[in-house]
2 protein chains.
Amino acid sequence: MSSTLTARQQQVLDCIRESQSETGMAPTRAEIAERMGFQSKNAASDHLRALERKGYIKLHGDRSRGIQLLNSAFWGSEDELPVVGKVAAGSPIEAVENLERTVPVPQGLFRQRPTYLLRVQGDSMIDAGIFDGDLIAVRKSQTARSGEIVVARIDDEVTVKTLKLNRNNATLLPANEAYEPIRVPADELIIEGIFVGLIRDTTAH
Amino acid sequence: MSSTLTARQQQVLDCIRESQSETGMAPTRAEIAERMGFQSKNAASDHLRALERKGYIKLHGDRSRGIQLLNSAFWGSEDELPVVGKVAAGSPIEAVENLERTVPVPQGLFRQRPTYLLRVQGDSMIDAGIFDGDLIAVRKSQTARSGEIVVARIDDEVTVKTLKLNRNNATLLPANEAYEPIRVPADELIIEGIFVGLIRDTTAH
DNA sequence: TATTATACTGTTCATACTATCAGTATCGGA
DNA sequence: TCCGATACTGATAGTATGAACAGTATAATA
């Protein structure tokens with residue numbers, strides 16, 4: 001689809017993004033040249049052509065500032081994400097019977113695009129600011145790094161905890177003094193996804 | 001602050017918005033004239049000057065397509081909500097200099113439609129699950145009921161606290177033992193808005 | 001009643017901007 | 001070793017665009 005960019009092309013693309021968010025308009029060739037330190041406007045033109053050829057921008061010919069960012073993290077199309085409610089024991093998270101509804105979550109609301117939303121049950125993570133009833137944005141993943149907040153499955157129960165990895169052991173750490181850490185042999189741990197964000201609607205409950 | 005627009009000015013503003021979201025660039029005077037059906041580019045110029053005077057757009061003089069939509073221009077738009085960062089003492093929340101960026105927040109993400117998003121500073125509300133750096137969704141309002149979490153202004157500082165109303169006194173209650181409740185005579189309390197929801201991006205900081 | 005804001009048409013002019021041509025230099029692959 | 005892609009400098013031509021000026025007409029306001 002869109003090929004990889006060279007370091008310089010990436011810098012030019014970033015330069016356009018910055019310009020866009022600062023002034024609300026795309027830069028001219030001259031402005032790109034100035035910001036990038038080029039002596040010639042044509043250096044900018046060359047880069048723009050390369051970026052268009054690789055599918056990152058669209059150039060509107062003959063129009064000043066006619067640079068349109070494509071696939072931009074800022075305004076992608078709105079996407080409905082499923083809300084996973086109570087997960088029945090033994091059923092995969094994605095199972096239809098677990099789905100509550102869908103919620104529109106635009107591209108770019110979270111830096112990491114979540115795969116689904118999960119409604120939190122219980123207060124085991126209140127010290128991490130995750131409350132009963134909150135929707136957490138989860139990116140599906142089978143692996144996670146130590147320190148990340150994960151959605152994991154223990155004894156067919158889906159739970160949200162902070163993951164700590166030692167040598168052969170994994171510890172699922174609650175963020176609430178009333179709960180005990182859970183130790184699991186590393187090979188028995190099933191990661192469902194990684195916590196990337198949170199949505200709370202105060203008027204909901 | 002920003003005055004009301006005439007019907008025609010509103011149409012021109014909408015026209016700019018549409019142009020922006022369609023092509024990624026602001027329209028030229030000629031393009032506005034064409035879309036609006038003007039015979040003269042100057043009609044567009046006049047409207048732009050009016051819109052700038054009323055604080056809805058910023059015109060970058062001598063630059064082509066130099067029309068920047070300001071926060072107030074987004075206040076009527078469907079998806080994009082302004083993110084208010086650090087609020088300078090003495091300045092209204094809506095002030096341009098407080099605007100960080102805009103974030104797409106779809107209708108229906110929160111039951112109560114927020115007016116803007118406010119980036120939380122400090123940890124005075126951690127026990128309410130509101131953390132430093134979180135974005136809180138705020139519905140603009142001059143009044144609030146006891147028990148609601150509000151955005152209030154005390155001594156020109158904007159703060160987020162739980163509101164408790166007694167007879168003639170208002171108490172702004174932090175959700176952190178390290179902070180003291182703030183008592184204010186009810187008539188000195190300035191409510192800016194009501195907390196209706198929260199968005200946290202874990203990868204953000 | 002005079003004045004000001006709104007809402008335009010029409011023209012001219014300077015300049016902001018894009019497109020294109022002509023080069024130079026470096027690098028990796030066929 | 002030749003070729004194409006990358007990464008520029010530098011200059012010119014022509015168009016796109018904004019600004020300014022001169023008008024007209026209407027509705028609201030003081």
Side-chain angles (χ1 to χ4, degrees), chain A residues 1-20 22-70, chain B residues 1-16 18-20 22-70 72-73 76:
Chain A
M1 166 88 201
S2 43
S3 9
T4 28
L5 297 178
T6 66
R8 210 75 180 116
Q9 286 165 357
Q10 185 64 56
Q11 286 169 29
V12 173
L13 188 59
D14 289 340
C15 168
I16 298 168
R17 286 222 187 87
E18 281 168 29
S19 185
Q20 269 275 12
E22 280 171 24
T23 64
M25 32 180 194
T28 63
R29 275 86 175 142
E31 283 167 3
I32 294 174
E34 193 189 357
R35 291 175 76 131
M36 297 290 298
F38 303 154
Q39 298 303 306
S40 169
K41 298 183 292 183
N42 195 44
S45 283
D46 283 353
H47 282 301
L48 289 177
R49 272 189 285 267
L51 286 171
E52 181 174 45
R53 183 163 39 78
K54 293 186 176 178
Y56 286 82
I57 60 173
K58 179 180 177 187
L59 293 175
H60 298 257
D62 278 331
R63 322 190 124 192
S64 61
R65 301 178 188 275
I67 305 170
Q68 187 172 6
L69 290 167
L70 301 176
Chain B
M1 159 95 202
S2 42
S3 7
T4 28
L5 296 178
T6 66
R8 211 77 179 112
Q9 287 165 356
Q10 185 64 54
Q11 285 168 30
V12 173
L13 187 59
D14 288 340
C15 167
I16 299 167
E18 280 167 27
S19 185
Q20 269 274 13
E22 280 171 24
T23 64
M25 30 180 196
T28 63
R29 274 87 175 142
E31 283 167 4
I32 294 174
E34 193 189 357
R35 291 175 77 132
M36 297 290 297
F38 303 154
Q39 299 304 305
S40 168
K41 297 184 297 179
N42 196 43
S45 283
D46 282 352
H47 282 301
L48 289 177
R49 272 189 285 267
L51 286 171
E52 181 175 44
R53 184 163 40 76
K54 293 184 175 181
Y56 287 80
I57 60 172
K58 179 180 177 185
L59 292 176
H60 296 258
D62 277 330
R63 317 186 134 196
S64 60
R65 300 177 187 277
I67 305 171
Q68 185 173 8
L69 291 167
L70 297 179
S72 43

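Convention: sequence-line order gives letters A, B, ...; per-chain numbering from 1. Predicted, not measured: the structure shown is a model, and the values here were computed from it. Note: hydrogens, waters and symmetry copies are ignored here, and every other heavy atom, side chains too, is used.
- A/H47 has a side-chain polar atom (N or O) that falls below the 4.0 Å cut-off from OP1 or OP2 of D/dC8.
- With a 6.0 Å radius and a threshold of 12 heavy atoms from other residues, nucleotides or ligands, B/E34 has its CD atom at or below the threshold.
- Of the residues near DNA chain C, A/R29 and B/F38, the one whose nearest nucleotide (by heavy atom distance) lies more toward the 5' end is B/F38.
- Contact annotation: A/Q9 reaches the phosphate of D/dA7 (side-chain N/O to OP1 or OP2, under 4.0 Å).
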Might you list the N or O atoms of the protein lying below 3.5 Å from N or O atoms in nucleotides 20-25 of chain C, with each pair's distance?
residue: C/dC21; atom: N4; partner: A/N42; partner atom: ND2; Å: 3.3

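- With hydrogens and angles disregarded, a donor-acceptor distance shorter than 3.5 Å links the side chain of B/E52 to the backbone of B/L59.
- Separating the CD1 atom of B/I32 from the P atom of C/dT9 is a distance of 13 Å, rounded to the nearest angstrom.
- Atom pair B/D62:CG and C/dC17:P shows a separation of 9 Å (rounding to whole Å applied).
- A/E31 places a side-chain N or O within 3.5 Å of a backbone atom of A/T28 that can act as its donor or acceptor partner.
- Going from atom CD of A/E52 over to atom P of C/dT18 covers 13 Å, rounded to whole Å.
- Atom CZ of B/R53 is separated from atom P of C/dT4 by 14 Å (rounded to the nearest Å).
- Rounded to an integer number of Å, the gap from CD of A/E34 to P of C/dA16 is 13 Å.
- Side-chain proximity of B/T28 to the nucleotides C/dG10, D/dT17, D/dT6 is greatest for D/dT17.
- Rounded to a whole Å, the NE2 atom of A/H60 is 17 Å from the P atom of C/dC17.
- Fit an axis to the five pairs at each end of the helix from C/dT1-D/dA30 to C/dA30-D/dT1 and the two axes sit 30° apart, to the nearest 10 degrees.
- Rounded to whole Å, atom P of D/dG18 lies 7 Å from atom CZ of B/R65.
- Between the side chains of A/R17 and A/Q20, no donor-acceptor pair is found at a separation under 3.5 Å.
- We find that NZ of A/K41 is positioned 12 Å from P of D/dT12, with the value rounded to whole Å.
- Using a distance-only test at 3.5 Å, with no hydrogens or angles considered, a donor-acceptor pair links the side chain of B/R65 to the main chain of A/S64.
- Taking CZ from A/R49 and CD1 from A/I57, the interatomic distance works out to 10.5 Å, rounded to the nearest 0.5 Å.
- Nearer the 5' end of DNA chain D, as judged by each residue's closest nucleotide, is the contact made by A/A50, out of A/A43 and A/A50.
- Between B/Q68 and A/T23 the shortest heavy-atom distance is CD-O, 3.0 Å.
- Not a single donor-acceptor pair under 3.5 Å links the side chain of A/S19 to the backbone N or O of A/C15.
- If you take CD on B/E18 and CG on B/L13, they are separated by 10.5 Å, rounding to the nearest 0.5 Å.
- Between the side chain of B/S40 and the base of C/dG10, at least one donor-acceptor pair of N or O atoms lies under 3.5 Å.
- Applying the 4.0 Å criterion to OP1 and OP2 of D/dT6, one finds that A/K54 has a side-chain N or O inside that range.
- Note: A/H47 NE2 to A/M36 CE = 6.0 Å, rounded to the nearest 0.5 Å.
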